[in-house]
2 protein chains.
Amino acid sequence: MRISEASTKSGLSADTIRYYEKSGLVPAVERGPDGLRRFSPENVEWLTLLYWLRKTGMPMQEMQRFAALYRQGDTTIPERREVLLNHEKRLHRRRADLDRCEEVLAYKIAAYEKIEGGLS
Amino acid sequence: MRISEASTKSGLSADTIRYYEKSGLVPAVERGPDGLRRFSPENVEWLTLLYWLRKTGMPMQEMQRFAALYRQGDTTIPERREVLLNHEKRLHRRRADLDRCEEVLAYKIAAYEKIEGGLS
DNA sequence: TACCGGGCTGGAGTGGCTCCAAGTCAAGTC
DNA sequence: GACTTGACTTGGAGCCACTCCAGCCCGGTA
C-alpha cells in the first residue's frame, strides 16, 4: 500500500512517516516503479508500534535504538523485549502523574466552588 | 523567596519560570531592591498548578487564557473552573492512550516470548 | 489539452523549553 | 581594600519532534 493508507492505518501522518524513515526508524521501505513508497503489512505494524511508543512518551533516541535492534533480526528479541518492559515502567510513571494532577485539580475545583458559593 | 526556591517548590526549572513570566503566564512577580524576583506563596501555588497542567499536556495557549482569567480576579472563577474541568477530560483521554499502549505492549511482549522459546 | 489528486524532495517554521555568555550584586575571606 | 564565590539578571542561540509548504513529477479523467 502507499503512504496515505499506511498513515490512516498506523495513526502517523504521512509527513511523520517520511520523517521517521529519514531518521532511520523504519527499515526497508520498498519503492514501486513509479518511485513511490510501498508499505508491507509488516511495515504498517511496525509504524503502529512506533505510533504508540511515541504517543506515550518514548524519546526518539530510544526508538532509534529499538529500530536498530529490529533491523538486526530475531536474535535481538530479548533486548527488544527489555526495551518494551522498560517502556511499561514509563507508562506507570505517567499514570502516576495523571493521578497526582487529578488530585490537584479536584482540590482546586473544590476551592473554586467554595468561592463561587460566596460570590453570587 | 527567590527563584531557586520557587523552582524546587513548584517543580519548574528557573529557566522555565522566567520563560513563563515572559510569556504572560505568571502575573505580578515582585522584585526586591536588588532587582531579583521575589515569589510569594501565592505565586508558588500558581506555578505549581502550571507545572501539573503542563506536565499532563495542557498547551501553552490554553494556559495563557487561564492566566489571563487569573489576572482578572475572582469574578472569572466560573470560567477557570471550566478550564480545569476540561483538562480533567484530557486526563481521561491520556489515560485511555496509556491503556491502549499497554495492550499493544502486552501483545508484542507475548509475541516476543513465543519466539524466544523457539530461539534457544 | 487541461486539470486533478496523490506522491516526491528539500527546506523553513513552530512550540516549549534548555543552555549559555556576559554582566550585576552581596557576602565572605585574606 | 582586593578577590573570590555564588545566586541572579538579560538576550539570544540551540534543540527536539514534528508540521507545513513550494515546486516538482506522474497517471488518470472530461
Side-chain angles (χ1 to χ4, degrees), chain A residues 1-26 28-40 43-44 46-68 83 87 90 94 97 101, chain B residues 1-26 28-40 43-44 46-68 83 87 90 94 97 101:
Chain A
M1 79 200 70
R2 308 205 300 212
I3 200 166
S4 65
E5 197 181 342
S7 164
T8 39
K9 284 197 173 151
S10 67
L12 296 167
S13 75
D15 269 323
T16 301
I17 292 175
R18 284 189 282 259
Y19 170 66
Y20 280 6
E21 196 192 347
K22 237 192 292 184
S23 320
L25 288 179
V26 195
V29 181
E30 310 271 299
R31 298 286 180 134
D34 47 7
L36 307 189
R37 292 174 180 80
R38 295 299 139 120
F39 295 86
S40 69
N43 284 155
V44 171
W46 176 248
L47 289 173
T48 307
L49 181 54
L50 293 186
Y51 169 79
W52 283 108
L53 294 178
R54 189 68 202 89
K55 185 163 199 181
T56 52
M58 182 179 286
M60 248 0 216
Q61 278 211 354
E62 200 172 329
M63 298 213 305
Q64 268 154 2
R65 187 168 160 272
F66 188 52
V83 173
H87 190 62
R90 188 161 11 216
R94 292 210 147 203
D97 284 344
C101 186
Chain B
M1 78 199 72
R2 306 205 299 213
I3 202 166
S4 64
E5 198 182 341
S7 164
T8 39
K9 285 196 173 150
S10 67
L12 296 167
S13 76
D15 270 323
T16 300
I17 291 174
R18 282 188 285 258
Y19 170 67
Y20 279 7
E21 197 192 347
K22 237 190 295 183
S23 320
L25 289 178
V26 195
V29 180
E30 309 270 298
R31 299 283 180 137
D34 47 7
L36 307 189
R37 291 173 180 81
R38 295 298 138 121
F39 294 85
S40 70
N43 285 154
V44 170
W46 176 250
L47 289 174
T48 308
L49 181 53
L50 293 186
Y51 170 78
W52 284 109
L53 294 179
R54 189 70 203 88
K55 186 163 197 181
T56 51
M58 184 179 284
M60 267 329 238
Q61 277 210 354
E62 199 172 330
M63 300 212 305
Q64 269 154 1
R65 186 167 162 273
F66 188 53
V83 173
H87 190 63
R90 189 165 7 222
R94 280 176 103 91
D97 284 344
C101 185

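A, B, ... follow the sequence lines: proteins, then strands. Residue 1 opens every chain. Note that the coordinates shown come from a computational prediction; the quantities given were computed from them, not determined experimentally. Scope of the values below: all heavy atoms of this structure, side chains included, with no hydrogens, waters or symmetry mates.
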Of A:Leu50, A:Thr16, A:Leu47, A:Ile17, the residue whose pairing with A:Leu25 passes side chain to side chain contact (heavy atoms under 4.5 Å, CB included)
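By the side chain to side chain contact (heavy atoms under 4.5 Å, CB included) criterion, A:Leu25 pairs with just one of A:Leu50, A:Thr16, A:Leu47, A:Ile17: A:Leu50.
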
As a test of understanding, state which of A:Val26, A:Asn43, A:Val29 forms a side chain to side chain contact (heavy atoms under 4.5 Å, CB included) with A:Arg37.
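Answer to the side chain to side chain contact (heavy atoms under 4.5 Å, CB included) test with A:Arg37 among A:Val26, A:Asn43, A:Val29: A:Val29.
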
Just to confirm, is there a sub-4.0 Å distance from OP1 or OP2 of [N] to any side-chain nitrogen or oxygen of [X]?
X       : N      : value
B:Tyr20 : C:dC17 : yes
A:Ser4  : C:dG7  : yes
B:Thr16 : C:dT18 : yes
B:Arg37 : D:dT9  : yes

A:Tyr20-A:Trp46 aromatic ring centre distance below 6.0 Å
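Distance test on ring centres: not under 6.0 Å, no.
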
What's the OH-P distance between A:Tyr19 and C:dA12, to the nearest Å?
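Atom OH in A:Tyr19 sits about 16 Å away from atom P in C:dA12.
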
Identify, between B:Pro59 and B:Asp34, the residue whose nearest nucleotide on DNA chain C lies closer to the 5' end.
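Final value for this comparison: B:Pro59.
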
Base, sugar-phosphate, or nothing: which does [X] touch, judged by heavy atoms less than 4.0 Å apart?
X       : value
B:Asp15 : base
A:Arg18 : base
A:Arg31 : sugar-phosphate

Do the side chain of B:Thr56 and the main chain of B:Trp52 share a donor and acceptor less than 3.5 angstrom apart?
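Yes, the answer is positive, given that a donor and an acceptor are paired below the 3.5 Å cut-off.
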
